[in-house]
Number of protein chains: 2
Amino acid sequence: MMKYCYQYPHPAVTTDIVIFTVRDQQLKVLLIKRKGTPYKGKWALPGGFVGIDEDLEQSAKRELAEETGVKGVYLEQLYTFGAPKRDPRERVITVAYFALIPSQKQELRADTDAAAVDWFAINQLPNLAFDHEHIVDMAHQRLVAKLDYSTIAFQFMPKEFTLSELQAVYEIILQQEVDKRNFRKWVLALENIEETGNERREGPHRPAKLYRITNPGEVEIIK
Amino acid sequence: MMKYCYQYPHPAVTTDIVIFTVRDQQLKVLLIKRKGTPYKGKWALPGGFVGIDEDLEQSAKRELAEETGVKGVYLEQLYTFGAPKRDPRERVITVAYFALIPSQKQELRADTDAAAVDWFAINQLPNLAFDHEHIVDMAHQRLVAKLDYSTIAFQFMPKEFTLSELQAVYEIILQQEVDKRNFRKWVLALENIEETGNERREGPHRPAKLYRITNPGEVEIIK
DNA sequence: GCAAAAGTGTTATCCCTACACCCATGA
DNA sequence: TCATGGGTGTAGGGATAACACTTTTGC
């Protein structure tokens with residue numbers, strides 16, 4: 001049963017993934033309800049053990065797909081957490097990743113390792129297993145910081161979107177209002193956004209032009 | 001001999017440390033010559049295995065001290081590298097850290113695990129063991145990026161220094177000239193630098209005022 | 001007195017911010 | 001025609017960038 005033996009003790013290595021989306025006017029995080037021990041029944045970040053011949057990012061993608069059904073996202077490495085007692089079972093070092101997805105991108109499905117999957121507003125998180133609250137905090141800080149000097153928030157947007165929708169995303173994450181004219185001036189000066197030629201008409205007002213990201217997955221560093 | 005056994009295979013985890021300094025008008029990296037296999041006799045980053053109950057940053061500090069004699073530096077986590085074949089012995093995942101030290105801070109001494117220790121100019125590195133060249137590249141990119149929006153470069157300075165010396169550090173890392181008046185205006189507007197009241201007289205010219213960092217170890221995020 | 005690095009201000013330019021009204025539509 | 005969100009320009013202030021001469025010293 002205990003058949004993998006080493007001359008010196010080895011820690012276990014996992015990946016955990018913080019997936020953000022913007023939905024119902026809130027910044028939300030994807031969590032799973034743990035099926036196994038420890039912390040059975042508690043909410044936690046999706047993640048799990050790294051295969052012995054598996055690349056770290058591959059591992060994160062696999063766990064994310066297995067536990068939540070989410071696929072095809074651009075992961076960014078966040079930080080590696082390795083406090084000796086962070087897992088009660090054994091020494092576990094976790095490499096945390098984060099990513100942003102458009103809210104309507106895919107339906108969630110709880111899979112083998114998870115009893116449930118759901119979105120939680122960042123400021124209304126349940127108690128989390130392990131040090132996952134700390135991980136979410138750091139991911140949140142990183143996200144807010146990156147809004148300022150990159151186009152990372154564009155990853156929240158679906159294929160086609162209006163400038164008002166994009167502005168709403170910024171306002172929700174920054175928790176403050178943004179000037180409409182300055183925002184549009186700034187966005188339209190960037191080179192990675194363009195009109196699709198289509199418009200959306202919904203409601204008793206002027207139709208909105210639709211835009212697309214020209215290089216999805218690329219995060220432009222700006223300013 | 002192989003007495004640490006697990007139900008599933010476990011990777012080994014190491015830390016590696018990229019230490020920068022500015023010396024002889026060049027940006028330099030601290031390397032050790034490997035005493036053991038693999039890559040025996042090759043130059044590599046200082047680093048080694050994480051103790052099973054040891055914090056990651058602790059481990060990096062310990063290895064650095066053991067192998068090079070360098071102590072008391074402020075480490076920042078850089079990135080975690082885990083490609084499956086990056087070490088020929090077994091699966092090894094390494095958490096890389098980086099730090100900056102003043103050039104005259106401490107004398108180096110090769111210790112138990114290292115046959116030699118020395119500084120190498122960043123653009124004249126020898127062939128390195130493992131994927132350490134990749135790690136150094138990433139640390140270098142991070143350093144250059146941080147010059148722009150933080151006071152990280154102040155960590156290169158000794159207790160007392162002149163503004164010309166500080167400017168030279170910026171010019172060496174950025175590989176371009178900096179305007180003297182604008183640079184001084186910018187530095188003196190910061191709150192974490194102050195005159196010591198002393199001056200340095202060396203050579204047939206006006207003596208230079210000496211400055212100190214008011215909060216050593218703190219990296220201010222600016223702009 | 002001369003060579004060498006230290007030290008010092010002003011101006012022009014660009015970018016960011018603040019701010020208010022007309023437009024196109026569905027009902 | 002009215003209510004609703006979409007769309008647009010300009011002016012002022014603050015920060016950044018360019019630029020050259022005087023000061024203090026050792027020899």
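Numbered from 1 within each chain, the chains take letters A, B, ... in sequence-line order. Heavy atoms only: backbone and side chains are in, while hydrogens, waters and symmetry mates are out.
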> Counting heavy atoms not belonging to B/N127, are there more than 12 under 6.0 Å from its CG?
Replying inline: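 12 or below, so no.
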>> Does the protein touch nucleotides 4-11 of chain D at the base, only the backbone, or not at all? Give it as B, S and - per nucleotide, heavy atoms under 4.0 Å.
In response: BBBBBBB-
>> Check whether A/D55 reaches the backbone of A/E57 with its side chain - one donor and one acceptor, N or O, closer than 3.5 Å.
In response: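 Yes; judged by distance alone, with no hydrogens or angles, the pair exists.
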> Is a side-chain donor or acceptor of A/R34 paired with a backbone partner of A/A129 at a separation under 3.5 angstrom?
Replying inline: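 Answer holds: no.
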> Quick one: ring-ring contact (aromatic ring centres under 6.0 Å, His included) pairs with a partner in residues 125-147 of chain A, sequence neighbours left out?
Replying inline: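 Every ring-ring contact (aromatic ring centres under 6.0 Å, His included) pair that includes a residue of residues 125-147 of chain A, provided the two are not neighbours, is A/Y39-A/F130, A/F81-A/H134, A/F130-A/H132.
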> Got a sec, which pairs hit ring-ring contact (aromatic ring centres under 6.0 Å, His included) with one end in residues 144-163 of chain B, sequence neighbours left out?
Replying inline: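 The answer is none; no pair qualifies.
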>> Is any side-chain heavy atom of B/L188 closer than 4.5 Å to one of B/L163?
In response: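 In contact.
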> Of A/L78, A/L27, A/I122, which meets side chain to side chain contact (heavy atoms under 4.5 Å, CB included) against A/L143?
Replying inline: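 That would be A/L27; it is the only one of A/L78, A/L27, A/I122 passing the side chain to side chain contact (heavy atoms under 4.5 Å, CB included) with A/L143.
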> NZ of A/K146 to CD1 of A/I173: how many Å apart, nearest 0.5 Å?
Replying inline: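 The CD1 atom of A/I173 is 13.0 Å from NZ of A/K146, to the nearest 0.5 Å.
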>> As an exercise, state the distance from CG of B/L64 to OG1 of B/T15, rounded to the nearest 0.5 Å.
In response: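 Between B/L64 CG and B/T15 OG1, I get 9.0 Å after rounding to 0.5 Å.
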> Where does the chain B footprint on DNA chain C start and end, counting 5' to 3' with a 4.0 Å heavy-atom cut-off?
Replying inline: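 Nucleotide range in contact with chain B: C/dA3 to C/dT10.
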> Near DNA chain C, under 4.0 Å by heavy atom, which residues of residues 146-157 of chain B?
Replying inline: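 Those residues whose heavy atoms fall under 4.0 Å from DNA chain C, taken from residues 146-157 of chain B, amount to none.
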>> Can you pull out every side-chain hydrogen bond (donor to acceptor under 3.5 Å, both in side chains) where at least one residue sits in residues 161-175 of chain B? Sequence neighbours excluded, please.
In response: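 Passing the test, one end in residues 161-175 of chain B: B/E165-B/R200, B/Q167-B/E171.
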